[in-house]
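Below is one structure, written out as structure tokens; the observations come after it.
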Amino acid sequence: MSRYNIDSPEKYSQLYIESVNEPEVFWSELASNNFLWEAKWSKVLDWDFRKAKVSWFKDAKLNITINCLDRHVKNHPTKTAIIFEPNNPDEEYKSYSYSELLTEVCKMANVLKSMGVKKGDRVCIYLPMIPELAFSVLACARIGAIHSVVFAGFSSSALAARIVDCKSGIIITSDGSYRGKKILNLKKIVDEALEICKSDQKVLLVKRTNESVNINSKRDFLLEDLIVDVDNFCDAEIMDAEDPLFILYTSGSTGKPKGMVHTCAGYMVYTSFTFKNVFQYDDGDIYWCTADIGWITGHSYILYGPLSNGATTIMFEGVPSFPDYSRFWQVVEKFGVNQFYTAPTAIRALAKQGTSFLKNCDLSSLKVLGTVGEPINLEAWQWYNKYVGRSNCPIVDTWWQTETGGILISSIPKVIPDKPTFATKPFIGIQAILLDENGNELKEFNTVGKLCIQYPWPSIARTIWGDHKRYIDTYFSAFENKYFTGDGAFKDKDGNYRITGRVDDVIIVSGHNLGTAPIEDAINEHELVAESAIVGFPHQIKGNALYGFITLKQEHENIDDIKKEINLLISKKIGPIAKLDKIQMTNGLPKTRSGKIMRRILRNIASKEFDNLGDISTLLNPDVVKEIIDNSL
Ligand code: PRX
């Protein structure tokens with residue numbers, strides 16, 4: 001990628017200008033020079049944001065796994081591709097060279113084929129962070145099946161909704177998963193999900209915890225039985241540039257999750273280019289992203305970005321607190337990690353434990369630190385910088401989304417200086433703009449506006465699976481001819497962006513993107529609940545936590561029991577990540593005269609900003625506000 005190595009501020013400016021002045025020339029040359037294609041494109045870009053239509057590299061043919069695996073096997077077969085570090089440090093780690101990884105992926109691909117999976121079929125993957133998760137994802141890509149990875153912390157109903165939405169005929173899962181001290185029986189959750197789906201699915205079962213699980217012989221297939229009969233090689237299916245590579249669900253402002261669709265070529269080009277440059281990955285470096293492959297960060301920056309660059313990437317099964325809070329730093333020392341990428345919520349949780357857990361760990365291999373998923377507060381940034389980076393590692397605060405496929409705004413080590421709490425500058429090709437309520441460009445510094453992107457980049461999602469209208473409505477209708485991110489942001493006088501947070505009904509809790517609507521839907525299923533509203537409030541570790549205001553149909557004595565039942569219901573319908581930290585029972589919710597719940601008021605109450613409620617006299621029921629304030633938690 002030498003011409004495309006961003007190694008100085010001048011190079012960044014030069015490439016940025018090229019990418020904006022002549023985007024098609026820029027991306028065409030970059031794609032041509034850095035990837036293997038079976039056929040080149042007839043047109044670089046076709047787009048119309050008004051219809052949410054974007055297509056890159058029309059008619060090009062490729063397979064992303066040839067770019068992630070075969071070409072590196074040819075050049076350096078024994079180089080380590082993936083290091084798997086288990087949950088328990090007493091268990092031996094595993095590493096897979098590029099050549100071994102290709103074989104594992106091919107075997108898994110052949111197993112899927114033997115189960116009848118074909119190009120275009122959707123394969124739901126519900127696995128812990130074990131090597132088979134990587135093999136499964138890449139095996140789907142190998143044969144042109146569309147993977148839909150569901151984070152293995154989601155409940156059976158959430159899993160079922162995702163299986164039904166994209167009509168996956170097969171679910172790959174494991175008996176159980178290890179998370180710190182806990183063992184979670186994933187197979188049981190899948191069994192429950194398939195009860196809900198009421199359609200014919202096959203299950204491919206991977207053994208991890210070796211606990212006993214229910215086996216339905218008509219439906220469930222053991223990987224260990226099937227894998228002995230398959231070949232070690234599988235030809236890569238040749239895909240069209242715009243064929244879907246995967247679906248990944250993200251929360252929205254209605255109860256139904258949005259299946260974001262990413263396609264083969266554009267996604268590959270952009271994640272590969274950003275990985276190389278944002279992390280300044282050098283040949284031989286050991287890179288570690290602590291995310292789960294169940295989220296977009298894992299897709300783009302544990303698997304596809306690193307592997308397309310021939311990098312060595314670590315997959316970590318565990319949690320930062322097990323066996324103790326030195327776990328991350330032990331792993332950094334063990335493998336000599338050079339780039340370390342994690343979430344602000346993890347940094348805050350670790351910082352709370354003090355510095356003793358870092359003391360005996362050698363972190364001198366670290367060159368670049370990164371954060372993702374939510375705004376990082378100054379205190380956490382400073383702790384990360386001082387104790388993990390020893391004031392010697394640039395911190396890339398990478399802003400992006402499931403929808404964007406790759407990093408859109410970030411500093412670049414030694415090129416774009418970091419600035420605490422600022423994501424800083426748009427990456428090459430990213431034409432960011434801040435708009436006011438009326439859609440006019442906000443030119444003043446330090447004024448918050450709505451963050452939009454006004455030109456396509458290669459890895460923008462192409463649609464919402466099965467619902468293109470919702471894709472248009474959610475992202476392309478607020479402002480004409482712009483992609484609206486749903487985030488607020490401002491710029492300093494040097495053009496550095498600071499993301500201030502969501503401006504819609506999505507709340508980021510511990511870096512997880514949660515829509516309020518599905519949580520409210522879950523609560524409202526409780527037979528005693530009349531109405532509910534969920535808002536976020538600042539939380540020391542999680543960034544935001546959830547506060548529920550709930551009105552019951554009638555008075556009840558055992559409020560504590562009801563609160564417990566409500567959280568259980570949320571766990572069951574969505575997953576434990578969506579549980580409420582605070583629940584306040586109210587006699588009513590503040591509403592406009594047209595009946596809309598005034599969340600702004602509830603947000604201010606939850607954040608204890610009682611002086612900042614604005615004019616409440618126009619409410620349908622202004623009296624209820626005082627009562628809510630008096631009883632607030
Ligand atoms: O609000 C922004 C926040 O996370 C949202 C996207 O969430 P998700 O699709 O789950 O993807 C997370 C991983 C890419 C964004 O709309 N967000 C993400 N990164 C940052 C951030 N907020 C502030 N700073 C960031 N670096």
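One-based numbering, in listed order, for ligands and for the atoms of each. Side chains included, hydrogens not; waters and symmetry mates left out as well; all remaining heavy atoms used.
Contacts between Thr398 and ligand 1, counted as non-hydrogen atom pairs separated by less than 4.0 Å, involve the backbone only. Of all the heavy atoms of Gln401, the ones lying under 4.0 Å from any atom of ligand 1 are found in both the backbone and the side chain. The part of Arg502 lying near ligand 1 is the side chain, judged by heavy-atom distances below 4.0 Å.
At least one cation-pi condition fails for Lys482 and Phe479: the charged atom is not both under 6.0 angstrom from the six-membered ring centre and inside a 45 degree cone around its axis. Stacking of Arg50 on the aromatic ring of Phe476 is not recorded, the 6.0 Å distance cut-off and the 45° axial limit not both being met.
The pair Asp397-Lys419 fails the salt-bridge criterion, with no side-chain N (NZ, NE, NH1 or NH2) lying under 4.0 Å from an Asp/Glu carboxylate O. Taking a cutoff of 4.0 Å between a charged side-chain nitrogen and a carboxylate oxygen, Asp521 and Lys573 do not qualify as a salt bridge.
For ligand 1, the atoms lying closer than 4.0 Å to a non-hydrogen atom of Val372 are 13 (C), 14 (C). Heavy-atom contacts of Thr402 reach the following atoms of ligand 1: 8 (P), 9 (O), 10 (O), 11 (O) (cutoff under 4.0 Å). Per-residue contacts place Trp400 under 4.0 angstrom from the following atoms of ligand 1 (heavy atoms of the residue considered): 6 (C), 14 (C), 15 (C), 18 (C), 19 (N). Within the listing of ligand 1, atoms 1 (O), 3 (C), 4 (O), 5 (C) sit less than 4.0 angstrom from a heavy atom of Ile508. Near Asn513, meaning under 4.0 Å from any of its heavy atoms, are these atoms of ligand 1: 6 (C), 7 (O), 8 (P), 9 (O), 10 (O). For ligand 1 and Asp397, the ligand atoms under 4.0 Å from any heavy atom of the residue are 24 (N), 25 (C), 26 (N).
If you check which protein heavy atom lies closest to atom 19 (N) of ligand 1, you get Gly373 N, 3.1 Å. At the shortest separation from atom 23 (C) of ligand 1 among protein heavy atoms lies Pro375 N, 3.1 Å. Nearest protein heavy-atom neighbour of atom 13 (C) of ligand 1: Thr297 OG1, 3.4 Å.
With sequence neighbours left out, Trp465 forms a ring pair (Phe, Tyr, Trp, His ring centres under 6.0 Å) with no residue at all. Checked against ring pair (Phe, Tyr, Trp, His ring centres under 6.0 Å), Phe275 has the following partners two or more places apart in sequence or in another chain: Phe279, Tyr281, Tyr287.
A donor-acceptor pair is defined here as one N or O able to donate and one able to accept, closer than 3.5 Å; such a pair exists between the side chain of Asp436 and the backbone of Asn438. Under a 3.5 Å cut-off, the side chain of Thr402 and the backbone N or O of Ile296 do not form any donor-acceptor pair.
Between atom CD1 of residue Ile523 and atom CG of residue Leu569 there is a gap of 8.5 Å, rounded to the nearest 0.5 Å.
Geometrically, ligand 1 and Asp487 share a nitrogen or oxygen pair separated by less than 3.5 Å.
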